[in-house]
Number of protein chains: 2
Amino acid sequence: MELGSNSDARNGDRLYNRIAVLRAERGLSRSALANALQVNYQTIGYIERGDFKPSLELAFRISEYFGLPIEAIFSRTPFRPLSEEVYGNHNAPPSGDSK
Amino acid sequence: MELGSNSDARNGDRLYNRIAVLRAERGLSRSALANALQVNYQTIGYIERGDFKPSLELAFRISEYFGLPIEAIFSRTPFRPLSEEVYGNHNAPPSGDSK
DNA sequence: ACAAAATGTTGTAGTAGTACAACAATTCGT
DNA sequence: ACGAATTGTTGTACTACTACAACATTTTGT
């Protein structure tokens, strides 16, 4: 069955995360991160794009890896960009995912 | 199959939690908590005694319910009693679970 | 522009979290 | 001490997380 379809992460119980950003900041590929966390690299992909939520166990591993609290990485409500959080919002354009 | 047997929470990947304490502090029964969290009351039992780990989703619900960070409720390493954490350790006896 | 790396997609399969039910054991109020 | 509430046990079933594989698409380096 497809993953991104319907029965999985429908909008109500979606989980947002900053993994992609944290990876980017550190120049880590998914494989590299997955490797460090001892999980399959596709699992990182699934989690990053919200296809499903990690186990609490994995969330802890990720949290420890980045040295950040779980709440800084995962959230039930969308994250504000870290950049904004640090420098404030100077006239932001509509922040939609383009495609 | 039994739950507390073998294949589940063996000692390596056990997860400790303070749910029982938090419940006790608030005089909440498992059913009451389960009810508030919208889960089966037996699920709370399973989690409390470490039979299995909650999903991240549920961990978030619990965290929000108690108004505490996930890390204050769940940990990969055993918790120190909150009492000690607050008042310090004044000559503690061997803190084993008796029975 | 081309090759290599990174990411996305689809499909299959195993395991672990959760619900639910029925009943045993324990604890608690009066 | 008794009954009620709480907690523990066993068993069944479903769904979601994770692994893995093969291939399509996109991005990146030179």
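Reminder, nothing fancy here: chain letters follow the sequence lines and each chain counts from 1. Nothing here was measured: the structure is a model prediction, and the numbers come from that model. Only this structure's heavy atoms are used, side chains among them; waters, hydrogens and symmetry mates stay out.
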Short N/O separations, protein against nucleotides 2-7 of chain D, under 3.5 angstrom:
from: D:dT7; atom 1: OP1; to: B:Arg23; atom 2: NH1; distance (Å): 3.1
from: D:dT7; atom 1: OP1; to: B:Arg23; atom 2: NH2; distance (Å): 3.4
from: D:dT7; atom 1: OP2; to: B:Arg30; atom 2: N; distance (Å): 2.8

May I ask you to check whether over 12 heavy atoms, not counting those of A:Gln38, lie within 6.0 Å of atom CD? no

Looking only at non-hydrogen atoms, find the nearest pair between A:Glu48 and A:Ala20 and report the distance. OE1-CB, 3.7 Å

Could you grab the distance from atom CG of A:Leu82 to atom CD of A:Glu25, nearest 0.5 Å is fine? 6.0 Å

Nearest to the side chain of A:Thr43, which nucleotide is it out of D:dT18, D:dC20, C:dT18? D:dT18

Show the numbers, then the answer: is there a side-chain contact (heavy atoms from CB on, under 4.5 Å) between A:Leu22 and A:Leu33? CA-CA 10 Å; A:Leu22 296 174; A:Leu33 177 58; over 6 Å; no

Cation-aromatic face contact B:Arg14/B:Tyr16, 6.0 Å, 45 degrees: yes

Connected via hydrophobic side-chain network under 4.5 Å: A:Tyr41 and A:Leu28: no

For a stem of at least 3 consecutive Watson-Crick or G-U pairs with distances under 3.5 Å, i pairing with j, i+1 with j-1 and so on, which stems involve DNA chain D? C:1-30 with D:1-30

Would you say D:dT18 has OP1 or OP2 under 4.0 Å from some side-chain N or O of A:Ser55? yes

So for A:Tyr46 and C:dT7, does any side-chain atom that can act as donor or acceptor lie under 3.5 Å from a complementary atom in the base? no

Does one hydrophobic cluster hold both B:Ile47 and B:Leu15, with members joined at side-chain heavy-atom distances below 4.5 Å? yes

Whole-Å distance separating the CG atom of A:Leu56 from the P atom of C:dT18: 9 Å

Between C:dT15 atom P and A:Glu57 atom CD, what is the distance in whole Å? 17 Å

Minimum heavy-atom separation for B:Leu56 to A:Pro54, with atom names? CB-O, 3.4 Å

So, under a plain 3.5 Å distance rule, would you say the side chain of A:Gln42 forms a donor-acceptor pair with the base of D:dA21? yes

Looking at the side chain of A:Pro54, which of D:dC20, D:dT18, C:dA19 is the nearest nucleotide? D:dT18

A:Glu48 CD to D:dC17 C1': how many Å, rounded? 16 Å

Measuring from B:Thr43:OG1 to B:Asp51:CG, what's the distance to the nearest 0.5 Å? 11.0 Å

Nearest-angstrom distance from the residue atom CD1 of B:Ile47 to P of C:dG17: 9 Å

Please report, rounded to the nearest Å, how far the C1' atom of C:dA5 is from the CG atom of A:Leu33. 16 Å

N/O donor-acceptor pairs under 3.5 Å from side chains in residues 58-74 of chain A, not counting sequence neighbours:
from: A:Arg61; atom 1: NE; to: A:Leu37; atom 2: O; distance (Å): 3.1
from: A:Arg61; atom 1: NH1; to: A:Glu57; atom 2: OE2; distance (Å): 3.3
from: A:Arg61; atom 1: NH2; to: A:Leu37; atom 2: O; distance (Å): 3.0
from: A:Ser63; atom 1: OG; to: A:Leu68; atom 2: O; distance (Å): 2.6
from: A:Glu64; atom 1: OE1; to: B:Arg76; atom 2: NH1; distance (Å): 3.0
from: A:Glu64; atom 1: OE2; to: B:Arg76; atom 2: NH1; distance (Å): 2.8
from: A:Glu71; atom 1: OE2; to: B:Ile70; atom 2: N; distance (Å): 2.8

Send over the distance from B:Asn40 CG to D:dG11 C1', rounded to a whole Å. 14 Å

Could you give the CG-to-C1' distance, from A:Leu15 to D:dC17, as a whole number of Å? 13 Å

Could you state the atom-to-atom distance from CD1 of A:Ile44 to C1' of D:dT18 in whole Å? 11 Å

Between D:dT18, C:dA19, C:dG17, which one does the side chain of B:Phe52 approach most closely? C:dG17

Checking contacts here: which listed nucleotide (C:dC20, D:dT18, C:dT18) is nearest the side-chain heavy atoms of B:Leu58? C:dT18

